[in-house]
Amino acid sequence: MPGDGIGKEVIPVALEVVRATGAPVTFTEFDWSADRYLKDGTTIPADGFEMLGRDFDAIFVGALGDPRVKTNIHAKEILLGMRFKMDLYANVRPVKLIDPALCPLKNVTPEMVDFTVIRENTEGVYMDMGGVFKKDTPDEVATQEDINTRKGVERVIRYAFDYARKHGRKKVLMADKSNVMSYAGGLWQKVFKQVATEYSDITPQHLYVDALCLQMVREPQSLEVVVTNNMFGDIITDLAAALQGGLGMAASGNIHPGKTSMFEPVHGSAPPLAGKNVANPMGAILSAAMMLEHLGFGAEGRKIEEAVTSAVRDKKLTTDVGGSYLSNEVADYISKKVSSSQ
Ligand code: NAD
Ligand code: IPM
Ligand code: MN
């Protein structure tokens with residue numbers, strides 16, 4: 001599902017890289033996007049989510065968001081629709097620096113930026129619950145509810161501890177703002193402490209999310225696995241993307257173990273770059289690698305990661321990360337590296 005803007009450029013070239021691995025996967029393309037919405041009013045066709053869950057093993061998405069659709073309704077219904085209605089509760093966003101040259105911090109090596117954010121993906125303020133009262137008067141009131149369920153908080157925290165175990169990590173840090181948001185934060189605190197007792201091999205840690213932002217910049221090497229709510233996870237993963245070289249480098253998976261999961265770069269549709277063949281395809285390509293690993297093609301996924309690392313070391317980069325190559329040139333280089341590593 002390429003979607004909008006640069007999604008329509010980075011997804012096709014990332015698929016070429018997947019094909020170069022030889023992994024036995026087949027793709028079906030869907031045109032759900034702003035173009036489709038503006039043409040016939042469709043965001044998600046009837047039973048669209050059921051069809052995705054029934055007929056596919058994974059979903060690969062570019063980006064959704066288009067200045068022509070002021071309400072952003074199509075992006076909400078398609079992107080957030082998949083996350084919520086398909087119950088993809090763990091948004092896994094690895095933060096990995098491939099080369100020191102990409103990091104805006106001084107004296108930072110790749111070993112020092114290597115952690116994963118597990119973002120709750122189905123609750124929080126994203127539920128868009130709330131309302132307005134006395135609209136368009138001087139007394140207007142707006143409320144926005146932050147929804148945190150015991151089950152929702154527990155499953156994502158458990159996911160973070162399981163993820164840490166599976167990846168040989170020793171620390172899980174929960175970030176909240178329980179000093180201010182005492183009801184929601186209270187639930188996160190209580191559940192985190194309870195779940196942590198089941199994982200005696202892993203050290204639980206806590207920081208307020210503002211302090212975590214400081215820590216991410218000053219001492220990224222102290223972080224291994226971070227778990228947090230939907231909104232904080234959204235914000236800190238843009239900051240985290242900057243540590244890796246920018247949004248063009250960042251990959252993600254929207255996961256519900258055992259169900260059809262969705263993989264997408266962290267970046268959006270970048271309207272000013274769209275149609276120019278200049279967008280960095282690496283975030284999309286690394287998301288494809290995550291998808292292959294999730295589907296059981298770990299060796300193929302690793303080949304892609306190694307090829308991206310070679311492209312970075314050989315300076316085959318788009319302009320956002322200091323290079324001078326076009327989007328498809330970078331992707332072709334990576335595809336060739338993948339093919340030659342068969
Ligand atoms: P954005 O990620 O599109 O762009 C932010 C900045 O990063 C811009 O300077 C852009 O040029 C740069 N950038 C992003 N991806 C890049 C890439 N691959 N290569 C080089 N530079 C890149 O975020 P935005 O500008 O806040 O949002 C634009 C639209 O995308 C909005 O409609 C927004 O809602 C939507 N959006 C969608 C998703 C998604 O589909 N997952 C994510 C974020 C934003
Ligand atoms: C992201 C994006 C989305 C979010 C937007 C486009 C709704 O910023 O995937 O990080 O807020 O989750
Ligand atoms: Mn975001």
Side-chain angles (χ1 to χ4, degrees), residues 1-14 32-35 37 43 59-84 88-93 95 102 104 117-128 144 228-242 244-255 262-288 308 312 317-331 334:
M1 204 179 294
D4 300 327
I6 61 169
K8 289 194 277 198
E9 292 159 60
V10 295
I11 293 301
V13 297
W32 305 349
S33 62
D35 284 344
Y37 174 67
T43 55
I59 311 165
F60 188 39
V61 175
L64 289 145
D66 186 300
R68 293 169 300 167
V69 184
K70 296 276 177 266
T71 57
N72 210 27
I73 180 72
H74 73 298
K76 270 191 179 160
E77 292 193 2
I78 299 168
L79 180 73
L80 297 181
M82 282 187 280
R83 291 181 186 169
F84 301 162
L88 306 177
Y89 67 86
N91 192 329
V92 178
R93 297 186 158 184
V95 185
L102 297 182
V117 176
I118 310 289
R119 164 187 178 190
E120 202 296 318
N121 213 26
T122 56
E123 306 192 338
V125 292
Y126 276 72
M127 296 297 92
D128 213 15
Q144 194 84 46
T228 191
N229 73 19
N230 206 340
M231 178 60 84
F232 297 151
D234 177 47
I235 297 168
I236 67 169
T237 52
D238 264 33
L239 176 58
Q244 308 169 78
L247 276 167
M249 299 301 299
S252 79
N254 299 257
I255 295 171
M262 186 263 278
F263 297 81
E264 52 166 349
V266 175
H267 67 72
S269 55
L273 306 185
K276 297 181 180 154
N277 192 21
V278 296
N280 188 343
M282 288 180 170
I285 291 170
L286 291 168
S287 302
V308 170
V312 172
L317 297 166
T318 44
T319 54
D320 57 305
V321 276
S324 55
Y325 289 86
L326 294 170
S327 201
N328 70 325
E329 292 171 338
V330 171
I334 295 169

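Values below: every heavy atom of this structure, side chains too, minus hydrogens, waters and symmetry copies. Both counts, for ligands and for their atoms, begin at 1 and track the order of listing.
- Proximity of atom 5 (C) of ligand 2 to the protein is not indicated, since no non-hydrogen protein atom lies closer than 4.0 angstrom.
- By the criterion of a heavy-atom distance under 4.0 Å, neither the backbone nor the side chain of A75 is placed next to ligand 1.
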Would I59 and M82 satisfy side chain to side chain contact (heavy atoms under 4.5 Å, CB included), going step by step from the backbone distance to the final call? CA-CA 10 Å; I59 311 165; M82 282 187 280; 4.0 Å; yes
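- Side chains of T122 and L88 form no contact here, defined as non-hydrogen atoms less than 4.5 Å apart.
- Between E264 and R83, at least one side-chain nitrogen of the basic residue sits less than 4.0 Å from a carboxylate oxygen of the acidic one, meeting the salt-bridge criterion.
- Only the side chain of D320 comes within contact range of ligand 1, with a heavy atom under 4.0 Å; no backbone atom does.
- Considering backbone and side-chain N/O of E264, none are found under 3.5 Å from N/O of ligand 2.
- By heavy-atom distance, the residue among P281, G268, G248 lying nearest atom 36 (N) of ligand 1 is G268.
- In summary, the atoms of ligand 1 found under 4.0 Å from a heavy atom of L79, numbered by their order in the structure, are 39 (C), 40 (O), 41 (N).
- Interface of R83 with ligand 2, defined as ligand atoms under 4.0 Å from a residue heavy atom, comprises 1 (C), 4 (C), 9 (O), 12 (O).
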Show your reasoning for whether side chain to side chain contact (heavy atoms under 4.5 Å, CB included) applies to L79 and M262. CA-CA 10 Å; L79 180 73; M262 186 263 278; 3.8 Å; yes
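- Considering each of D238, D234, T237, N72, the one bringing a non-hydrogen atom nearest atom 2 (C) of ligand 2 is D234.
- Taking the charged nitrogens against the carboxylate oxygens, D238 and R93 have no contact shorter than 4.0 Å, which rules out a salt bridge.
- Side-chain atoms of H267 and N280 form no donor-acceptor pair, as typed in the model, at a separation below 3.5 Å.
- Using cut-offs of 30° and 60° for the angle between ring planes, the F84 and Y126 rings count as perpendicular.
- Of the protein's non-hydrogen atoms, the one nearest atom 21 (N) of ligand 1 is L273 CD1, 3.4 Å.
- Distance check for D238 against the Mn ion (ligand 3): none of its N/O/S atoms falls below 2.8 Å.
- A donor-acceptor contact closer than 3.5 angstrom is absent between the side chains of N328 and E9.
- A donor atom on one side chain and an acceptor atom on the other are found under 3.5 Å apart for T318 and D320.
- The protein heavy atom nearest to atom 18 (N) of ligand 1 is N280 O, 3.0 Å.
- Using a 4.0 Å cutoff on heavy atoms, R93 counts as a contact of ligand 2.
- When the options V321, V10, L247, V266 are ranked by their closest heavy atom to atom 7 (O) of ligand 1, first place goes to L247.
- Neither the backbone nor the side chain of M231 has any atom closer than 4.0 Å to an atom of ligand 2 (non-hydrogen atoms only).
- Residue contacts with ligand 1, taken as heavy atom pairs separated by less than 4.0 Å, involve I6 solely via side-chain atoms from C-beta onward.
- Using a 3.5 Å distance cut-off with no hydrogens or angles, the side chains of E329 and S327 do not pair a donor with an acceptor.
- For atom 7 (C) of ligand 2, the nearest non-hydrogen atom of the protein is L80 CD2, 4.2 Å.
- Contacts of R119 with ligand 2, taken as heavy-atom pairs under 4.0 Å, involve the side chain alone.
- Neither the backbone nor the side chain of D4 has any atom closer than 4.0 Å to an atom of ligand 1 (non-hydrogen atoms only).
- Nearest to atom 29 (C) of ligand 1 by heavy-atom distance, out of P265, A274, S269, A270, is S269.
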